[in-house]
Amino acid sequence: MIKKIDKNKVRMKRHKRLRFNVKGTAERPRLSVYRSENNMYAQVIDDVKGVTIVAAGTKSKGFKGAGKTKTEQATLVGKAIAEKALKAGITEVVFDRGGYLYTGRVKALADAARDGGLKF
């Protein structure tokens, strides 16, 4: 009998390893990414206070991503999170890829956030 691998358990294990070193502060908060099957979410978090400063996602109010591919939607989320972070006075962040591999939608979001003015 072949044992089925739970990809989310593997991701969570990888994320736990990453979070050991990735911590957000008030000066340099953490940009956290969550990728579901159909949607993409990002939030900027101050881990010292335990507060989400800004958030953006494909399910956010006013998101204009209908009819676009998932990668294009991730790019729009990256631009939106960068814009909101800059309005909140945040220019530097620590990137937390959430245990996902740095490719595809995660990379598109990160590149768009960088282009939007955030420094990693």
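The first residue in the sequence is number 1, and the count goes up from there. Note that the structure is a prediction, hence the values are computed from the model and not measured.
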Open item on the list: Tell me the closest heavy-atom pair linking Pro29 and Ile90, and the distance in Å.
Closed with: CG-CG2, 3.8 Å

TODO: Kindly give the heavy-atom pair with the smallest separation between Leu31 and Ala42, and that separation in Å.
DONE: CD1-CB, 4.1 Å

- [ ] Hey, could you give me the CG/CD distance between Asn39 and Gln73, rounded to the nearest 0.5 Å?
- [x] 7.0 Å

Task: Where Arg11 and Gly98 come nearest, the two heavy atoms and their spacing - done: NH1-O, 2.6 Å

Open item on the list: Any side-chain to backbone donor/acceptor pair from Lys70 onto Glu37? Under 3.5 Å, distance only.
Closed with: yes

Task: Phe120 reachable from Leu86 in the ILVMFWY side-chain graph, under 4.5 Å edges - done: no

- [ ] Write down the atom of Lys59, the atom of Tyr41, and the distance for their closest heavy-atom approach.
- [x] CG-OH, 3.2 Å

Task: Separation of Thr25 OG1 from Asp47 CG (nearest 0.5 Å) - done: 8.5 Å

Task: same_hphob_cluster(Val106, Val22) at 4.5 Å side-chain heavy-atom cutoff - done: no

Open item on the list: Is any side-chain heavy atom of Val33 closer than 4.5 Å to one of Met40?
Closed with: yes

TODO: Measure the spacing between CG of Leu118 and NZ of Lys84 and express it to the nearest 0.5 Å.
DONE: 13.0 Å

Task: Test: Arg28 and Glu92 ion pair at under 4.0 Å - done: yes

- [ ] Report yes if some heavy atom in the side chain of Thr58 is under 4.5 Å from a heavy atom in the side chain of Val77; otherwise report no.
- [x] yes

TODO: Mind listing the closest non-hydrogen atom pair of Ala112 and Thr75 along with its distance?
DONE: CB-O, 3.2 Å

Open item on the list: Less than 4.5 Å apart, side chain to side chain, heavy atoms only: is that true for Asp96 and His15?
Closed with: yes

- [ ] May I ask you to decide if Arg35's main-chain N or O and Tyr100's side chain share a donor-acceptor pair within less than 3.5 Å?
- [x] yes

Task: Approximate separation, where rounding is to 0.5 Å, of Leu76 CG and Ser60 OG - done: 11.5 Å

- [ ] Identify whether Tyr34 and Leu18 are in the same connected component of the hydrophobic contact network (ILVMFWY, side-chain heavy atoms under 4.5 Å).
- [x] no

Task: Euclidean distance, Arg97 CZ relative to Thr103 OG1, rounded to 0.5 Å - done: 11.0 Å

Task: Side-chain donor/acceptor of Thr69 to backbone N/O of Glu72, under 3.5 Å - done: yes

- [ ] Give me the ring orientation class for Tyr102 and Phe95: parallel if the planes are under 30° apart, tilted from 30 to 60°, perpendicular past 60°.
- [x] perpendicular

Task: Distance, nearest 0.5 Å, that separates NZ of Lys16 from NZ of Lys13 - done: 9.5 Å

